[in-house]
There are 2 protein chains.
Amino acid sequence: MTEQQRRPTLMDVAEAAGVSRALVSIVMRGAPGAAESTRQRVLETALQLGYRADSRARLLRSSRTKLLGLVFSSSQPFHAEIVDAAYAEASARGYEIALSAVAGGRPEARAIETLLDVGAEALIIIAPTLSMDELALHARQVPVVSLLRDDVGDLVDSVSSDDHAGISLAIDHLLSLGHRRIVHVDGGTAVSSDKRRETYRTEMVRHGLQPVIVPGGPGEEDGMGAGQILQADLPTAVIAFNDRSALGIMESFRAAGISIPTDVSVLGYDDSHFAKLSYVQLSSVSQDAPLLAAAAVGRAVDRIEGSEPPGSVVRTPHLVLRKTTAQLPDAGLNSS
Amino acid sequence: MTEQQRRPTLMDVAEAAGVSRALVSIVMRGAPGAAESTRQRVLETALQLGYRADSRARLLRSSRTKLLGLVFSSSQPFHAEIVDAAYAEASARGYEIALSAVAGGRPEARAIETLLDVGAEALIIIAPTLSMDELALHARQVPVVSLLRDDVGDLVDSVSSDDHAGISLAIDHLLSLGHRRIVHVDGGTAVSSDKRRETYRTEMVRHGLQPVIVPGGPGEEDGMGAGQILQADLPTAVIAFNDRSALGIMESFRAAGISIPTDVSVLGYDDSHFAKLSYVQLSSVSQDAPLLAAAAVGRAVDRIEGSEPPGSVVRTPHLVLRKTTAQLPDAGLNSS
DNA sequence: TGGTCGGACTAGAACGATCTAGAAGACTAT
DNA sequence: ATAGTCTTCTAGATCGTTCTAGTCCGACCA
């Protein structure tokens, strides 16, 4: 049923309109060099035949593909937000986005290859896990922009959020509420976990406070585990590696009858969907995904079009205060 | 800096290896017709030059693109699971997947066009929102498979989960635990909300019970709202439209001091990531995303390769029992 | 009158692969 | 020796575009 009829080509339109292929091409891409009257006629016949340019042939000929390759991880809700924003920014800049997911059994390298195969002019990789060398290798072929990771060598662009500023913001906020026993639950092996942990450590020391780091991870379960540990010697405030971890921590506290923020303040990171839920109302450090995405796309386009050298863009995150942090009642008593 | 040198072509490899382009082509795609010794030599020089076939040219020539277009919604975590599984199944079948997201400001129609432009041989659309007519229009050009929606006319394939069976399963399970006052919190305008609601209604009646439907929606907040309403006259069991809604319901109960499953049993739908969290442990109806994805990909490939007529595949969901449903202590007393 | 200019249009060569048809050489069968 | 068959390899057409280098023709100017 419904035998797929061959889709019409430039040639078909040209014949039907009684002109040359070249002229149809000119008309279709709105280039100058066609009389208004013929232009109309050609457009009309094209519409009638349901003509639709074959992007493969088009791209093959004109070396430009106007394609931006975007590698994301299908299991990260936060990446989805970025994808969303990237689409918008790219189309505003006159580019298309080719998506490629990293999934179970589909490593980053594979995702990248696919994108290069379809002719992406630049690569945007969200939180790349490849080594600096591997990234540099690709960067020799096309501009590569690393998103959310900045230690990528100087052949690769990076757009990231200032983790140092984010953690500092969190600590300052808690300090201003009178907290002094502030603990960090880290992200284990997750990207940017190291930087957040180290910033926490140095900032605490700088303020003359004792840093305490509880091992964690990027998921709810990791937070749960850390929460158990914390209960043995409850601090007055906790800075989690991310929102999901914070959720786990809060859940473990709740199960133990510890109330938030009365007994302990909790701060998340990412300002994700969860943080905004009415029954969570988690205060969190926002990296502002749409802005990051726009910056990454902008960077990629600039690299393609201009001959700018690679560089890095760092955006400053901001605090979104909700209901999980509160003033310490008996401020300034116990310090370590 | 690192001027992008033109990427090597078949011609370059051919010259370097001292053979014809055609032979290189044969070797590169592993076709028969080359002596083992030359094959090795060609492969080696190709590797040395960093040769990589240009998919645009390749696809232009060979009418086959071996590409499956997959349209998903970037804001749906459940879709991400499907994307994951689809990749695996497609590559097992020798196909590639081209992804296109529906996002804010990027309607489904746009996503589909992009995929057709790159030459997808079939379209898999997760929970399509287009009308039957619009879908049929595309189906005239390429096979279209609708995933998670089955009222799509008979030109379009569909792969869906049997909502009727899912709800029946849920009701039967609760009945077997002695529950009789079972309420359904529906999904509002979400896809397949209607079918689940109607099945609930008829199944309840069939068992001689009074159906009670509380309006809801697909999100946590919707569940919260429904939870408030339910508290006025607490049933012994609730079947939520999906897991996120169930989460909201449970949260509202928890806030009111109602304990689960002692005071009330709650059943979710989707068996999503959330349901599995150790502090949630939600019993849920699983649609088994990987299986659905595999079926959709399989269907698409069959349509492309064979000349099978469109049809629909329906998979039966199953119950995953965790800790939110329990035996009713005083079974069989009140029945509305 | 003739030369130059510019607008509208076209023929044919790219782009980088695949595919068809056939050539060259080695081997076997008659 | 001749014909037939395999295997290995190649020349050249082809996919549907865009690009380059024209051609044609009327208008304008000295």
Side-chain angles (χ1 to χ4, degrees), chain A residues 4-43 45-46 49-67 96 113 116-121 141, chain B residues 4-43 45-46 49-67 94 96 116-121 141:
Chain A
Q4 338 279 13
Q5 65 273 42
R6 198 178 50 80
R7 62 196 246 177
T9 75
L10 263 195
M11 191 57 179
D12 299 325
V13 179
E15 268 172 10
V19 294
S20 71
R21 283 170 322 173
L23 189 57
V24 178
S25 169
I26 287 173
V27 171
M28 292 318 288
R29 69 203 134 97
E36 193 47 36
S37 58
T38 18
R39 190 177 290 273
Q40 288 306 328
R41 187 157 44 90
V42 169
L43 280 177
T45 45
L49 296 184
Y51 171 74
R52 161 172 274 282
D54 184 321
S55 75
R56 295 165 306 208
R58 179 205 295 268
L59 298 182
L60 173 57
R61 179 58 236 232
S62 59
S63 42
R64 300 300 312 277
T65 67
K66 291 258 177 182
L67 256 163
E96 269 289 340
E113 275 176 22
L116 290 178
D117 276 349
V118 303
E121 292 188 61
Q141 309 230 0
Chain B
Q4 336 279 17
Q5 63 273 41
R6 198 178 49 81
R7 65 195 243 176
T9 74
L10 263 196
M11 191 58 181
D12 300 326
V13 179
E15 268 173 9
V19 294
S20 71
R21 282 168 325 171
L23 189 57
V24 178
S25 170
I26 286 173
V27 171
M28 292 318 288
R29 70 203 132 94
E36 193 46 38
S37 59
T38 21
R39 190 179 288 274
Q40 287 307 328
R41 187 157 43 89
V42 169
L43 280 178
T45 45
L49 296 184
Y51 171 74
R52 156 174 284 282
D54 184 322
S55 75
R56 294 162 302 185
R58 181 207 296 268
L59 299 182
L60 174 59
R61 178 57 233 231
S62 60
S63 43
R64 300 299 315 275
T65 66
K66 290 256 176 185
L67 257 168
E96 269 288 339
L116 290 179
D117 275 350
V118 302
E121 291 188 62
Q141 309 231 356

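Chain naming here is simple, since letters A, B, ... match the order of the sequence lines and numbering starts at 1 in each. Because the structure is predicted, anything quoted here is derived from the model rather than measured.
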(request) Select one nucleotide: of C:dA17, D:dT10, C:dG16, the one nearest the side-chain heavy atoms of B:I26. (result) D:dT10
(request) Take atom CZ of A:R7 and atom C1' of D:dT17, then tell me their distance rounded to the nearest Å. (result) 12 Å
(request) Check the distance between C:dA17's P and B:R29's CZ and give it to me in whole angstrom. (result) 12 Å
(request) Would you kindly give the CD-to-P distance between A:Q40 and C:dA8, to the nearest whole Å? (result) 14 Å
(request) Determine the minimum heavy-atom distance between B:L49 and B:A16, stating which atoms define it. (result) CD1-CB, 4.1 Å
(request) Quick one: list whatever passes side-chain hydrogen bond (donor to acceptor under 3.5 Å, both in side chains) with A:R39, sequence neighbours left out. (result) none
(request) With DNA chain D as reference, determine whether B:S62 or B:A35 sits nearer its 5' end, using the nearest nucleotide of each. (result) B:A35
(request) Classify the nucleic acid contact of A:A34 as base, sugar-phosphate or nothing, counting any heavy atom under 4.0 Å across all strands shown. (result) sugar-phosphate
(message) I want to confirm an ordering. Mapping B:T38 and B:A57 to their closest nucleotides on DNA chain D, which one lands closer to the 5' end?
(response) B:T38
(request) Please report, rounded to the nearest Å, how far the P atom of D:dT18 is from the CG atom of A:D54. (result) 10 Å
(message) From CG of A:L23 over to C1' of D:dC19, roughly how many Å is that when rounded to an integer?
(response) 14 Å
(request) Can you tell me the distance, in whole Å, between the CG atom of A:L59 and the P atom of D:dC19? (result) 11 Å
(request) Would you kindly give the CG-to-P distance between A:D12 and D:dG16, to the nearest whole Å? (result) 8 Å
(message) Let me confirm one number: the CD-OG1 distance from A:E15 to A:T9, rounded to the nearest 0.5 Å.
(response) 8.0 Å
(request) Identify the two heavy atoms, one from A:V24 and one from A:A14, that lie closest to each other, and give their separation to 0.1 Å. (result) CG2-CA, 3.6 Å
(request) Nearest whole angstrom, please: distance from the P of C:dT10 to the CG of A:L10. (result) 13 Å
(message) Using 0.5 Å steps for rounding, measure from the CG atom of A:D117 to the CZ atom of B:R52.
(response) 4.5 Å
(message) Under a 3.5 Å threshold, yes or no: a donor from one side chain and an acceptor from the other, between A:R21 and A:S25?
(response) no
(request) Ignoring backbone atoms, establish whether A:S25 has a side-chain N or O less than 4.0 Å from OP1 or OP2 of D:dT17. (result) no
(request) Report yes or no: is there a donor-acceptor pair, N or O only, under 3.5 Å between the side chain of A:R61 and the base of D:dT17? (result) no
(message) For a quick check, tell me whether the side chain of A:R21 and the base of C:dG12 share a donor-acceptor pair closer than 3.5 Å.
(response) yes
(message) With each end axis built from five pairs of C1' atoms, what bend angle do you get for the helix from C:dT1-D:dA30 to C:dT30-D:dA1? Round to 10°.
(response) 60°
(request) When you get a sec, tell me which of C:dA17, C:dC19, D:dC19 is the closest nucleotide to the side chain of B:A22? (result) C:dC19
(request) Could you check whether A:T9 gets within reach of a base, just the sugar-phosphate, or nothing at all, counting any heavy atom under 4.0 Å? (result) sugar-phosphate
(message) I'd like to know if the side chain of A:T38 and the backbone of A:A34 have a donor-acceptor N/O pair within less than 3.5 Å.
(response) no
